[in-house]
Amino acid sequence: MTHLVLDKVSVHYDGRPAVERVSIDVAKHDFVVLVGRSGCGKTSLLNVAAGLVEPVRGSATIGGRPITAPGSDRAVVFQNDALFPWLSARENVAFALRLRGVRPDQRARRADELLRLVKLEGAGDKHIWELSGGMRQRVGLARALAAEPQFLLLDEPLGALDALTRERMQTTLLDLWTASHVGVLMVTHGIEEALVLATRIVVLAPGPGRVVRTFETAFSRRYAAGEPIRTIKADPAFAASRGELTDAIFEGEAA
Ligand SMILES: Nc1ncnc2c1ncn2[C@@H]1O[C@H](COP(=O)(O)OP(=O)(O)O)[C@@H](O)[C@H]1O
Ligand SMILES: [Mg+2]
């Protein structure tokens, strides 16, 4: 199975350490979530995985091959991702299909399939400016999946959404993860979000960024197996994990 591996990665900016010896292993079917206070290197690590930032030490590989640049095996979605506002939702997704060399007569059908996957069926003709924030983020995900990546790299993709939309998008993300067989590496600020989505949570601390805890969690696999998200969140084990994760994030922080 293909793994995306960061092995003892250190990142410096202008000679100053931002990340020190962080190791992360994402298999296909994993949903790995990075959490930690601002400045602990979450975005830097995602950028290393994307091939946008080069580590000063350590290695980043995908399927054993070094990551040296962005590639179609990895799709990146940021918080405020730019869609083409003058194109429709379908055309935004079809554009990515065109870049991949999909034949013109197949693009619209494939784009509609992808829009259905992110629960935007019927919205293909809408222009981007007609869509809500949550719907735009769904188009962004559909576009990312158009490249048929093996891994999705998500930097606070739901951060700009209101609380209710955000909660709905969490289950959309899980459905999409289950249906598309991608491995996910995602950054979030949300403690509950991390617990809902992850199969593994990596807690980072700043100064410089390093791993302080790793949790293997089972809540998202329970959802994937058919358990309703409400039942999962109401499980006392969920509340216990939330307390434990919160402690891990704020451990060692100056009061
Ligand atoms: N392009 C950059 N140039 C200089 N310093 C940077 C750059 N990007 C990030 N940093 C610094 O590296 C550290 C980690 O940043 P970042 O990876 O963005 O953390 P996070 O995403 O967890 O908030 C911070 O101290 C930040 O100021
Ligand atoms: Mg960040």
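First listed ligand is number 1; within each ligand, the first listed atom is number 1. A quick note: this is a predicted structure, and the numbers were derived from the prediction, not measured. Quick note: residue numbers are just sequence positions, from 1.
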(message) Take a 6.0 Å sphere around CD of Glu113 and say whether it holds more than 12 heavy atoms from other residues, nucleotides or ligands.
(response) yes

(message) A quick test of your reading: do over 12 heavy atoms of other residues, nucleotides or ligands sit less than 6.0 Å from CZ of Arg98?
(response) no

(message) Using a 3.5 Å cut-off on N or O atoms only, is Gly39 in polar contact with ligand 1?
(response)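 N/O-N/O distance below 3.5 Å exists for this pair.
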
(message) Regarding ligand 1, does Ser44 bring an N or O atom to under 3.5 Å of one of the ligand's N or O atoms?
(response)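 Checking ligand 1 against Ser44, an N or O pair does fall under 3.5 Å apart.
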
(request) Treat each ILVMFWY residue as a node, draw an edge where side-chain heavy atoms are under 4.5 Å apart, and state whether Val202 and Val53 are in one component. (result)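 Result: yes, single cluster for both.
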
(request) Look at Glu192 together with Lys233 and state whether they make a salt bridge at an N to O cut-off of under 4.0 Å. (result) yes

(message) Between Arg166 and Met169, is there a side-chain heavy-atom distance shorter than 4.5 Å?
(response)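 Side-chain contact under 4.5 Å: no.
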
In the protein, which heavy atom is nearest to [atom], and how far is it?
atom: atom 18 (O) of ligand 1; value: Thr43 CB, 3.7 Å
atom: atom 4 (C) of ligand 1; value: Tyr13 CB, 3.4 Å
atom: atom 19 (O) of ligand 1; value: Gly41 N, 3.1 Å
atom: atom 12 (O) of ligand 1; value: Ala18 CB, 3.3 Å

(request) Scan the protein's non-hydrogen atoms and note whether one is under 4.0 Å from atom 2 (C) of ligand 1. (result)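 Looking at atom 2 (C) of ligand 1, one finds that a protein heavy atom does lie closer than 4.0 Å.
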
(request) Sort by chain and number the protein N/O/S atoms found under 2.8 Å from the Mg ion (ligand 2). (result) Thr43 OG1

(request) Under the ring-ring contact (aromatic ring centres under 6.0 Å, His included) rule, collect the residues that match up with His189, sequence neighbours excluded. (result)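 Testing His189 for ring-ring contact (aromatic ring centres under 6.0 Å, His included), a comparison that skips the adjacent residues, returns none.
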
(message) Tell me whether Cys40 reaches ligand 1 (any heavy atom closer than 4.0 angstrom to a ligand atom).
(response) yes

(message) Clusters formed by hydrophobic residues whose side-chain heavy atoms approach within less than 4.5 Å: which one holds Leu99, and what are its other members?
(response)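 Phe84, Trp86, Leu87, Phe95, listed by chain and number.
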
(request) Could you work out the complete set of other residues in the hydrophobic cluster of Val56, with links drawn between I, L, V, M, F, W and Y side chains under 4.5 Å apart? (result) none

(message) On a heavy-atom basis, which atom in Pro17 and which in Pro208 lie closest, and how many Å separate them?
(response)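 What the structure gives for the nearest pair is O-CB, 3.7 Å.
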
(request) Determine the minimum heavy-atom distance between Val182 and Trp177, stating which atoms define it. (result)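 Heavy atoms only, the tightest pair is O-CD1, 3.2 Å.
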
